[in-house]
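Working notes, beginning with the structure itself.
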There are 2 protein chains.
Amino acid sequence: MKESKTPFSYELILKNISRFIDLNLEEQNLYISLLRQRVIRKKDFILKPGEVVKDEYFIVKGCLKVYSIDDKGVEHISMFAIKDWWTGDIASFLTQQPSNYFIQALEETEVIKISRKNYDLLFKKIPKFERFYRILYQKSLANYILRSDQNISLSAEDRYFNFVKKYPSLVNRVSQKDIASYIGVTPEFLSVLRKRISSI
Amino acid sequence: MKESKTPFSYELILKNISRFIDLNLEEQNLYISLLRQRVIRKKDFILKPGEVVKDEYFIVKGCLKVYSIDDKGVEHISMFAIKDWWTGDIASFLTQQPSNYFIQALEETEVIKISRKNYDLLFKKIPKFERFYRILYQKSLANYILRSDQNISLSAEDRYFNFVKKYPSLVNRVSQKDIASYIGVTPEFLSVLRKRISSI
DNA sequence: ATAATTTCTTAATGTACATTATTTTTTCAG
DNA sequence: CTGAAAAAATAATGTACATTAAGAAATTAT
């Protein structure tokens, strides 16, 4: 698999980390030494079902979609990962069991990745990263609890409004088909919904 | 509010903690000193919307339901908390913003609770609790990501089967009305579903 | 025990959304 | 630029589930 040789800045990821913990210069450099960069070309996959997840990803630029395909062959998008977000398959990354997910680039995407081995090493070398991830997962958990509740209780229209609120930058950047998959309706019905919304 | 004076054992919670970190005797005692016990009588509430969440709860015995009420007055159960589980409203606990949830005892329930103040103190006194919570939230996050995907993609029947798998001890312990609320259907439809399932 | 209340069942009718099919529009490879 | 393929729009029909209503069963309170 071809990877770009052009390095990009670690500024964004360091700023992301500094939301929750402070790193001195030495720690910053140690942390960076445990990371790898990669550019994913549009439509390329970094994960397919059956593979064990090796890395967690931080998005510097572009957009990934994380999705699975059910028994009937229908695609379900679990999340879009955009600039300044972390993504991967946390279950497979943790348990080292095969994943059920695809992760595919919707645009040319720059990511910074950390391997499971270096992730474990990170906690040994810089224990305060336990705190960073504790807070990161805690916030993420709060979001997913809410999303889980909303996915079961809101109408398709309200789930669409939530998508627009959560991903304003994606509304005109990803296909309607993918938005439909994210909010759990058919593209045909989303088309009807959008027409209904715009006519108000 | 009346609280029981009968103390119960900390054995269960210490065993829960020891899944991810080891505590020596001194640390165990320090930890326990930061906890409080409470018995919640059947139908009593420990949280109502508008209140800021003061505590996180560990269930020693019994069952709590965590739910919200939507604009139309419909109740949506977000989780059942049973023995050996943690619960609360993590979003409000974290941000100290008012909660949107009710937490109510379905049976007489024994809980061990930690206040936000002692939770913060815990990380200062025994930093490896950052690791404990990092792993706890990470696993919980993996579960909620899956549940969030399933809530949007599975049929009511499959969500019911998932409920049975996740909470085998509750199937004949909580009302069908509450199960219906958890899986996001009306009690009438769950009644039809169960009849359909049992006739196979 | 008995009444009152809540839960559960059943059935008729209604609605949000899926499915299928066709046409139009957009994207993209050559 | 041109044609092929993918995405989007529209419409007819179908289905999973909601709503409403009423009676039966179970729980709870007196």
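Remember, predicted model here, so these are calculated numbers, not experimental data. Both backbone and side-chain heavy atoms feed into the values below; hydrogens, waters and symmetry mates do not. Proteins come first, then strands; the chains are lettered A, B, ... in the order of their sequence lines, and each starts at number 1.
Across the protein-nucleic acid pair, A/Leu106 atom CG and D/dA6 atom C1' stand 15 Å apart, rounded to whole Å. Distance, B/Glu107 CD to D/dT27 C1': 15 Å, rounded to whole Å. If you take CD of A/Glu188 and C1' of D/dA8, they are 9 Å apart, rounded to a whole angstrom. The distance between atom NZ of B/Lys72 and atom P of D/dT19, rounded to the nearest whole Å, is 7 Å. Between A/Leu190 atom CG and D/dA9 atom P the separation is 8 Å, expressed in whole Å.
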Show your reasoning for whether side-chain hydrogen bond (donor to acceptor under 3.5 Å, both in side chains) applies to A/Gln104 and A/Asp44. CA-CA 6 Å; A/Gln104 186 186 23; A/Asp44 276 0; over 6 Å; no
Given B/Glu130 and A/Arg134, is the salt bridge (charged side-chain N to carboxylate O under 4.0 Å, His left out) satisfied, shown in steps? CA-CA 6 Å; B/Glu130 296 279 10; A/Arg134 190 264 295 172; 2.8 Å; yes
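B/Tyr137 has its ring centre no less than 6.0 Å from the ring centre of A/Tyr133. In this structure, the ring of A/Phe132 has its center less than 6.0 angstrom from the ring center of A/Phe20.
Residues A/Tyr31 and A/Tyr10 are not in side-chain contact: their nearest non-hydrogen atoms beyond the backbone lie 4.5 Å or more apart. When side chains are defined from C-beta on, B/Ile145 counts as touching A/Ser78, because their heavy atoms get closer than 4.5 Å.
B/Asn29 places a side-chain N or O within donor-acceptor distance of the main-chain N or O of B/Leu25, the cut-off being under 3.5 Å. No side-chain donor-acceptor contact under 3.5 Å links B/Asn100 to the backbone of B/Pro49. Between the A/Arg38 side chain and the A/Glu110 main chain, no donor and acceptor come within less than 3.5 Å of each other.
Within residues 176-187 of chain B, the residues that have a heavy atom under 4.0 Å from DNA chain D are, in order of number, B/Gly184, B/Val185, B/Thr186. Taking every heavy atom of residues 62-69 of chain A and every atom of DNA chain C, no pair lies under 4.0 Å.
The residue among A/Arg194 and B/Leu154 whose nearest nucleotide of DNA chain D lies closer to the 5′ end is A/Arg194.
Residue A/Ser191 is classed as a base contact, given a heavy-atom separation below 4.0 Å to a base. In this structure, A/Lys42 reaches the sugar-phosphate backbone alone: every heavy-atom distance under 4.0 Å involves primed, P, OP1 or OP2 atoms, never a base.
Note that the first and last nucleotides of DNA chain C, 5' to 3', having any atom under 4.0 angstrom from a heavy atom of chain B are C/dT7 to C/dT10.
Considering every non-hydrogen atom in both A/Asp55 and A/Ser115, the closest pair reads OD1-CA, 3.3 Å. Residues A/Ile90 and B/Gln138 approach most closely at CD1-CG, 3.8 Å, considering heavy atoms.
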